[in-house]
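Please read the structure below before turning to the comments.
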Amino acid sequence: MSITAAGALLPDWEATADVVIVGTGVAGLTCALDLAGLRVLVVTKGAPDEANTSWAQGGVAVVRDEHDPGDSVAAHVRDTLVAGAGLCDPAAVSLILAEGPGAIGRLIARGAHFDAGPNGLLRTREGGHTANRVIHAGGDATGAEIERALLATVGSAGSSGLPAVLADHLALDVVLDGTGRARGLSVLAPDGRIGLIRATAVVLATGGAGHLYAATTNPGVATADGLAMALRAGASLADVEFMQFHPTVLWTGPGDLGHRALVTEVVRGEGAVLIDATGDRVMRGVHPLEDLAPRDIVSLAITRRLATAPGGVTDHVYLDATAIPAPVFRRRFPTVSAACLAAGIDPTRQPIPVAPAAHYHCGGVVTDLDGRTTVPGLLAIGEVARTGLHGANRLASNSLLEGLVMGERAAVAVRGDVAAETPRAAELVLMPPPGADPAGRIELQATMSSSAGIGRDLPGLLAAQSAVASLGDVSDGVGGATVTRASVEMANLVAAAGALLAAAELRTESVGCHVRTDQPVPAVAR
Ligand code: SIN
């Protein structure tokens, strides 16, 4: 890599594709597979299956049979709007949920196996749902099965018109032409050389941002890369303040930080209840749906209960699943069982210690319902995008569905763009790679957890903005001579944290996942 006198970057290598997709979760792979026949490169900084999708437990919320007497797409729409606390885009909700059944059918045709009984697919319930409409796979390994099926379909790299996956390649930045249109992606290869992939369309499917916080259910790859790349490319973001905290993440001690094991909400769907250290029910009297209230309400209730330190315990409550027969629990929740047993807890005999942790970013890069961002040629799908489906709080298990539907829709849009494009070698200017000192990562995460977690106030948000900004200096001073995955991730975390904190400062109301302790919580019944 070298830098010109004008400060631009000269890449070490170049490649050309019709489409470059960043991320190998359900959205990115669905989009890539639907673009079969085009030259599609899928870039991921880790192994192909290292995506948030692989870790999703609960399932996919979808109404497959409109004639189900207990359910309808209209009811699913209503539940989504209620969970979103008035900030969903109703058009996005209606369209995405209506297209869900077809998208699930096509996923099954691609080889995904969902758990079935004598009368078809089994369905369960999660928080905020008024009907049993969550389908699942492998008990509580739904995301892993979806990821397996999609990667198996992708098959060997580049064969028979299928997408090629470039593993261990870190996306650095969207590359724009002189008109501000996206024309490619700069990438750090495993050998340390920086490449330019020219493409007619760039699709961000980078997943989540959980590692903005000290504890998260997200895998290590979820470092807000797509948000930061979109910001640097000049795309609009919205609802960035709405980080959803999952109420029941396995708690194994105060020093247990980083990626933490999820205890799926479906355990509550099957009858488990939250209790405090004195055995008192946490959700009784808080919401008519009690333990199956929308997720933001449950996480807030736990946080408030812990503030009063019942039984002297301030850092976790318990999920009591002992009423579920042991063989049923083990068969239904193999992933949760294994995580509990590894921590020395037998969930069939003792309550599981749990605490909220960062789980899902409801906001993100603003897109239309074809996945197009405000930057021409740049699309965003899946968790990194903000379609308007989630509003201020995502309804449980709506995310895999959104990834599927938007992956399909973006593929249709991109195929049209590629067909309409006249190939030409545009003059492209690459900016030096982002970089910040990774030594500040733990401080950033601690700052975000203490000042932008469940409960925020203006002084805390302002102090956090200064603290985070001070961590964002370019580390090598020459624009990337020592660029590493850690330095790029740190720059991305700093950029995304700054956006989240600024959005949280500006929203001076408490709504959904965004609880401003210096503003009253609205008395709106949800
Ligand atoms: C869970 O299984 O509890 C998580 C599902 C989701 O985040 O939608």
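Computed from a prediction, not measured in an experiment: that's the story for all the values here. In each ligand, atom 1 is the first atom listed, and ligand 1 is the first ligand listed.
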*asked:* Is there a polar contact, in the sense of an N or O pair closer than 3.5 Å, between E265 and ligand 1?
replied: yes
*asked:* Students often mix this up, so state it plainly: with edges at 30° and 60°, are the rings of W251 and H316 parallel, tilted or perpendicular?
replied: parallel
*Only heavy atoms count here, so choose which of R295, Q57, R394 is nearest to atom 4 (C) of ligand 1.*
R295
*Below 4.0 angstrom, N of the basic side chain to O of the carboxylate: do R284 and E290 qualify?*
yes
*Which residue owns the protein heavy atom closest to atom 2 (O) of ligand 1, what's the atom, and how far is it?*
T264 OG1, 2.6 Å
*So between S397, G143, G59, whose heavy atom ends up nearest atom 8 (O) of ligand 1?*
S397
_I want to know if ligand 1 touches S399 in the polar sense, i.e. an N/O pair below 3.5 angstrom._
no
*Under 3.5 Å between some N or O of ligand 1 and some N or O of A396?*
no
*Which of the atoms in ligand 1, numbered in the order shown and given with their element, are less than 4.0 Å from a heavy-atom of G58?*
1 (C), 2 (O)
*Atoms in ligand 1 with a heavy atom of H359 nearer than 4.0 Å*: 4 (C), 6 (C), 7 (O)
*asked:* Less than 4.0 angstrom from a charged side-chain N to a carboxylate O is my criterion; do R456 and E241 meet it?
replied: no
*Can we say K45 and D225 salt-bridge, meaning some charged N sits less than 4.0 Å from an Asp/Glu carboxylate O?*
yes
_CD1 (I442) with more than 12 external heavy atoms under 6.0 Å_ = no
*So, for P247 and R268, which heavy atoms are closest and what is the spacing to 0.1 Å?*
CG-NH2, 3.7 Å
